[in-house]
J.: 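Have a look at this one before I ask anything.
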Amino acid sequence: MKITALAGGVGGAKLAHGLSQILPPDQFTIIVNTGDDFEHLGLYISPDLDTVCYTLAGLANPLTGWGRKDESWHAFNEMEKLAGQTWFRLGDRDLGTHLVRTERRKHGEKLSTITQNFCRAWGIEHTILPMTDDPVYTMVATKEMGELAFQEYFVHQRCEPSVTGFRFDGIEKALPAPGVLEAIDQADALVFCPSNPWVSIDPILAVAGVRSACATKPVVAVSPIIGGDVVKGPAAKMYRELGIQPSAYAVAKHYENLLQGFVVDTVDAELQASIEAMNISTLVTNTIMEDELGRLRLAKDVIDFVNSLIK
Ligand code: FO1
C-alpha cells in the first residue's frame, strides 16, 4: 500500500517518522509545508522541511522537536555578545544546513533538488518533498500588530497576538514541486499528519492542483487537537481567536469534504458520533506520541485504519 503524507513541523514529523519505520521508501512519501520559510540573517531557512528531515534522519533535538540533537551554540552565543538578532535560535550544526542551502539557492538550485541531496547525505531513504519550489510566505493577520510574517508571529511574538486570519503570500504563482502531484496520484491513500490545519496543512492544500488531487483519494487526517488543546503550538488558540471552539470535531469540520477517515484521541471518544455524522469514519485511539514507540504505535494504528477504509 502506498501512502503520501502531508506534514508541517514537529507533530507532523513525529507521525511521518513512525510511518517511515513501517512503510518502505517506495511506499511512503512526505509533502512538507514551506509557508513557514523565511530569510533571516541572509540565510534561507526552511523550518518544517528541516524538522521533518532531521526527525526522519534521527538527528532532531528531542527536547524542542526542531533543530539538531547534540547541538552547540557557539555562533549564537557570540551573536548575543555582539547584540545581534537572536530571537530566532540557530545552533552551530543547524547553521551548516542553512549556509549550504542558501549558497545553493543563490546559484539557482531548486529547494526540491537541494532537499533530495540533503536527504541522501543524512541517510534518509524516503522521499521528502517541499510543497513548492516557489516562494510562499504564510502571513498571520493579528488584532494587535496587523499582518505579521509567520516566524515573526510564531517565534518573535511567541504567538501572543490574537489571530484574525491567514494569507499565503505568493500562493497564486506557486506550482507544486516536482513529484508532489505524482506522489498524490500514485498513493492509495493520503494521511494529513497531526499538524496545524491553518498554517501547516492549508498552505499545502492551497498550492495549485493539490486540493483537487487530494479530493480524488481516500484521505485520513489525525487530529492535532486532543481534549480541546494541543500538545504543542498555537492551533487551539487560533481556533478560539477565530471564534471556533477548538476540538477534534472542529478539525474534522475544517477538512470535512476531503476526509474519508479521521483519527481522534481516546479522551475525545465522545466526539466520534458527531464526526461520523459528517460521513467520516472515525478511529479512536491513543494519539500521544511521547516517544519513538508512541510514534510507531500511532503509525501502525493509522496504517491499519487506512487499510480497513480502502478495502
Ligand atoms: N522555534 C522556536 O520557538 N524558537 C526558535 O528559536 C526556533 C528556531 C528554529 C531554527 C531552525 C528551525 O528549523 C526551526 C526553528 N524553530 C524555532 C521552529 C520553527 O520556527 C517552528 O516550529 C515552525 O516553523 C512551526 O512549524
Side-chain angles (χ1 to χ4, degrees), residues 5-17 30-57 59-77 79-80 84-102 105 111 114-115 118-119 122 128 130-131 135-140 148-161 163 166 168-169 192-204 224-225 230-238 289:
L6 273 54
V10 178
K14 286 181 179 172
L15 179 59
H17 181 227
I30 310 154
I31 301 169
V32 181
N33 170 42
T34 59
D36 294 13
D37 293 15
F38 76 134
E39 275 185 52
H40 182 60
L41 307 171
L43 298 172
Y44 184 93
I45 300 179
S46 213
D48 284 0
L49 213 42
D50 289 344
T51 297
V52 172
C53 290
Y54 290 161
T55 303
L56 259 73
L59 298 172
N61 180 329
L63 296 178
T64 54
W66 52 265
R68 293 285 297 262
K69 74 175 179 189
D70 304 324
E71 187 58 287
S72 60
W73 298 90
H74 298 292
F76 183 81
N77 292 340
M79 285 171 59
E80 266 187 331
Q85 273 198 57
T86 50
W87 59 268
F88 196 79
R89 296 166 55 84
L90 294 171
D92 299 329
R93 289 180 195 274
D94 194 27
L95 268 172
T97 303
H98 309 311
L99 286 168
V100 176
R101 178 189 291 126
T102 304
R105 292 217 52 182
L111 183 59
I114 300 168
T115 304
F118 283 9
C119 283
W122 288 323
I128 299 175
M131 65 186 199
V136 173
Y137 301 106
T138 296
M139 305 298 293
V140 184
L148 298 174
F150 183 78
Q151 297 298 339
E152 180 65 27
Y153 160 80
F154 190 92
V155 176
H156 205 177
Q157 302 303 327
R158 297 180 298 273
C159 308
E160 283 167 10
V163 163
F166 308 97
F168 308 126
D169 191 35
F192 292 180
C193 288
S195 300
N196 188 314
W198 300 102
V199 293
S200 294
I201 304 296
D202 279 358
I204 307 177
I225 298 204
V230 274
V231 175
K232 195 171 173 17
K237 180 176 179 282
M238 286 173 171
M289 296 175 280

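Start at 1 and go down the list; that is how both ligands and their atoms are numbered. For the single chain, residues carry numbers from 1 onward in sequence order. Heavy-atom basis, side chains included; hydrogens, waters and symmetry copies ignored. Small disclaimer: the values here were computed from a predicted structure and weren't measured.
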J.: Heavy atoms under 4.0 Å from ligand 1: which residues qualify?
T.: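 Contacts of ligand 1 under 4.0 Å: Gly9, Asp36, Pro47, Asp48, Trp66, Trp87, Phe88, Arg89, Leu90, Asp94, Phe150, Gln151, Phe154, Val155.
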
J.: Please report the interatomic distance OG1(Thr55) to CG(Asn61), rounded to the nearest 0.5 Å.
T.: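 One gets 10.0 Å once the value is rounded to the nearest 0.5 Å.
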
J.: Quick one: are the ring centres of Trp122 and Tyr54 less than 6.0 Å apart?
T.: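 Yes, they do, as the ring centres are separated by less than 6.0 Å.
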
J.: Just say parallel, tilted or perpendicular for the rings of Phe38 and Trp87, cut-offs at 30° and 60°.
T.: tilted

J.: Side chains of Leu56 and His17: does their closest heavy-atom pair fall under 4.5 Å?
T.: yes

J.: So, applying salt bridge (Lys or Arg N to Asp or Glu O under 4.0 Å) with Arg101, which one of Asp94, Asp50, Asp37 is it?
T.: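 The salt bridge (Lys or Arg N to Asp or Glu O under 4.0 Å) with Arg101 is passed solely by Asp50 among Asp94, Asp50, Asp37.
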
J.: Tell me whether the rings of Phe150 and Tyr153 are parallel (<30°), tilted (30 to 60°) or perpendicular (>60°).
T.: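 If you compare the ring of Phe150 with that of Tyr153, the planes turn out tilted.
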
